[in-house]
A.B. asks: 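I have a structure here, written as structure tokens, and I will follow up with some questions on it.
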Amino acid sequence: MYVQKKAYGCAFASCAYCENKVLVSISHPLYVEEELGGTYILHNTNVKGVNLLMLLKSTAKFDIMEFFFTVLMILSVLTPGLSSTTTTFNVLQYGAVGDGQTNDSPAFLKAWKDVCQSKSHISRLIIPATRTFLLKPTTFSGPCKSNYTYIQLLGNIVAPKTKSEYSGFHTNTWLGFSFVNGFIISGKGTIDGQGSAWWQQPCLGNAQPVSKYVLALTFNRCYRLQLKGYTIINPARSHMTLTSCKKGIISNLRLIAPGTSPNTDGIDISGSRDIQVLNSFIATGDDCIAISAGSSMIKVTGITCGPGHGISIGSLGTSGETDIVEDVHVENCTLTETLTGVRIKTWQGGAGFARRISFEKIRFVRANNPIIIDQFYCPHSSDCQNKTQAIKVSDVTYKGIVGTSLTNEAINLSCDQNVGCSNIVLDHVYITSAVPGQKVFSFCHNAHGTATDTKPSVNCLLK
């Protein structure tokens with residue numbers, strides 16, 4: 001298979017990247033060309049009975065990286081002489097039991113060592129179906145030697161049930177992945193954080209500080225990351241955290257915790273660049289997605305959110321810090337009965353900026369506070385201080401937004417009294433009350449911008 005992309009004038013003889021698209025080369029006469037119009041053309045598309053053209057037609061443009069990985073996996077199985085490009089490992093071969101009671105962490109770490117040291121093109125670790133593996137806090141570290149390190153999650157993974165089982169582990173992460181490039185987790189398995197014991201009191205013991213908590217999955221400094229298809233339920237705290245990652249695609253996930261579970265964010269993204277979150281269902285007790293300091297080029301689309309606290313930028317500027325978020329695009333999302341809708345939240349006294357942010361084609365169903373910029377963020381309402389310094393919020397667009405609000409204040413643009421917000425654009429925004437007979441209204445504080453075809457009217461914007 002030879003894959004070529006003419007639009008950007010590049011072709012590679014092995015797996016590589018060109019303008020964020022994967023190009024692969026195998027000895028089959030398959031050609032893919034992307035013309036300037038964005039059309040992908042395949043020639044000789046049937047390989048061992050697999051119609052790759054139909055597969056590609058059903059693939060969205062932003063899923064092309066996933067498509068080529070899928071093609072490579074199919075060919076590695078069906079094509080003689082190609083299987084050597086993929087080396088497969090199974091946790092059962094390393095002594096994992098999978099009865100939900102035995103600590104399988106040592107077996108997983110032994111398997112990971114071999115997976116990570118493999119020099120094959122794709123190094124695959126199978127977590128088999130029909131088994132449930134108990135893992136205690138475990139860190140899987142790279143760098144790894146293969147081009148792609150692939151965990152095929154078919155079975156289930158569960159966390160310890162009690163806080164005491166976390167004692168002695170000097171980490172706030174249950175399952176951590178660090179410094180792994182070309183890292184993929186895909187499958188229909190379920191990861192159960194069994195976190196209900198933490199929701200009443202997040203500390204290991206009452207005498208310990210509240211800052212001791214356990215995140216479910218963390219990804220740190222991973223490049224070319226793909227997370228697809230699996231389910232995470234009931235984490236002790238956040239379902240998934242990305243820190244300092246680049247070029248990631250998160251798609252078709254289900255992240256589920258009760259709406260009353262505290263701090264169980266769906267996906268937290270910080271210090272990361274070029275991340276796409278696509279076509280996923282998130283029901284949590286906190287933000288469905290939170291995009292925090294140091295993040296840029298983030299695309300969120302096709303998300304169903306609720307219950308939860310909506311989709312948030314921030315919080316930014318905690319304890320006077322300098323934070324930056326830019327180039328965030330959120331579209332085609334539905335938020336149902338969330339505590340807030342689409343939100344930008346910053347603390348007073350911070351520095352930096354949040355800019356070039358857009359929310360388009362958003363649908364609210366009985367949401368509280370559907371549109372909100374809160375530059376006076378102080379969630380616990382204690383020691384809230386007025387400061388003269390603030391995060392600069394600018395170039396924020398709300399377009400093609402519809403739905404219903406449970407609160408009378410459907411649009412709240414509370415910008416800092418000294419710095420203010422600039423170039424806030426509302427275009428075709430229609431929000432009505434979910435409560436029969438009630439009206440909704442808008443509120444602004446030092447917000448500058450324009451509003452066109454917006455209900456409720458936003459006459460409070462400054463020029």
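As the structure is a computational prediction, the values presented were derived from the model and not from experiment. Just so it is clear, the values below take in all heavy atoms, side chains as well, and ignore hydrogens, waters and symmetry mates.
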A.B. asks: Between the side chains of Asp268 and Ser238, does any donor sit under 3.5 Å from an acceptor?
C.D. replies: yes
A.B. asks: Just checking, any donor-acceptor pair under 3.5 angstrom between side chains of Arg273 and Ser296?
C.D. replies: yes
A.B. asks: Looking at CG of Asp274 and NZ of Lys299, how far apart are the two atoms once the value is rounded to the nearest 0.5 Å?
C.D. replies: 11.0 Å
A.B. asks: Lys399 and Glu360: salt bridge (Lys or Arg N to Asp or Glu O under 4.0 Å), yes or no, with the steps?
C.D. replies: CA-CA 5 Å; Lys399 184 177 181 179; Glu360 298 189 34; 5.1 Å; no
A.B. asks: Show your reasoning for whether side-chain contact (heavy atoms from CB on, under 4.5 Å) applies to Leu125 and Val91.
C.D. replies: CA-CA 7 Å; Leu125 177 63; Val91 294; 3.7 Å; yes
A.B. asks: Report the distance from atom CG of Asn368 to atom OG1 of Thr340, rounding to the nearest 0.5 Å.
C.D. replies: 8.5 Å
A.B. asks: When the ring planes of Phe89 and Tyr94 are compared, do they come out parallel, tilted or perpendicular, using 30° and 60° as the limits?
C.D. replies: tilted
A.B. asks: Can you list the steps and then say if Thr149 with Phe177 is a side-chain contact (heavy atoms from CB on, under 4.5 Å)?
C.D. replies: CA-CA 11 Å; Thr149 303; Phe177 302 88; over 6 Å; no
A.B. asks: Mind checking whether Trp198 and Tyr166 have ring centres under 6.0 Å apart?
C.D. replies: yes
A.B. asks: Donor-acceptor check, side chain of Ser120 to backbone of Ser118, threshold 3.5 angstrom: yes or no?
C.D. replies: no
A.B. asks: Between Thr404 and Arg366, does any side-chain donor sit less than 3.5 Å from a side-chain acceptor?
C.D. replies: no
A.B. asks: So, His309 and Asp287: side-chain donor and acceptor under 3.5 Å apart, yes or no?
C.D. replies: no
A.B. asks: Please walk me through it: do Lys345 and Asp374 pass salt bridge (Lys or Arg N to Asp or Glu O under 4.0 Å)?
C.D. replies: CA-CA 5 Å; Lys345 49 183 177 178; Asp374 182 5; over 6 Å; no
A.B. asks: If you compare the SG positions of Cys444 and Cys415, is the separation below 2.5 angstrom?
C.D. replies: no
A.B. asks: So, Ser280 side chain and Leu253 main chain: donor-acceptor pair closer than 3.5 Å or not?
C.D. replies: yes
A.B. asks: Apply side-chain contact (heavy atoms from CB on, under 4.5 Å) to residues Phe133 and Thr102 and explain how you reach the verdict.
C.D. replies: CA-CA 8 Å; Phe133 300 92; Thr102 304; over 6 Å; no
A.B. asks: I'd like to know if the side chain of Gln117 pairs up with that of Lys145 as donor and acceptor (distance under 3.5 Å, no hydrogens or angles considered).
C.D. replies: yes
A.B. asks: What are the two closest heavy atoms between Gly266 and Ile282, and how far apart are they?
C.D. replies: CA-CG2, 3.9 Å
A.B. asks: Answer yes or no on whether Arg224 is positioned over the face of Tyr148, meaning its NZ or CZ is under 6.0 Å from the six-membered ring centre and within 45° of the axis.
C.D. replies: yes
A.B. asks: Are the charged groups of Glu331 and Lys361 less than 4.0 angstrom apart, N to O?
C.D. replies: no
A.B. asks: Does the distance from Cys288 SG to Cys305 SG come in under 2.5 Å?
C.D. replies: yes
A.B. asks: Quick one about Trp199 and Ser261 (side-chain donor to acceptor, distance below 3.5 Å, no hydrogens or angles considered), yes or no?
C.D. replies: no
A.B. asks: Does Tyr230 reach the side chain of Ile185, with side-chain heavy atoms less than 4.5 Å apart?
C.D. replies: yes
A.B. asks: Taking less than 2.5 Å as the test, are the sulfur gamma atoms of Cys245 and Cys222 close enough?
C.D. replies: no
A.B. asks: Establish, yes or no, whether a centroid distance under 6.0 Å links the rings of His445 and Phe376.
C.D. replies: yes
A.B. asks: Say whether, by atom type as modelled, one donor and one acceptor occur between the side chain of Ser442 and the main chain of Ser457 under 3.5 angstrom.
C.D. replies: yes
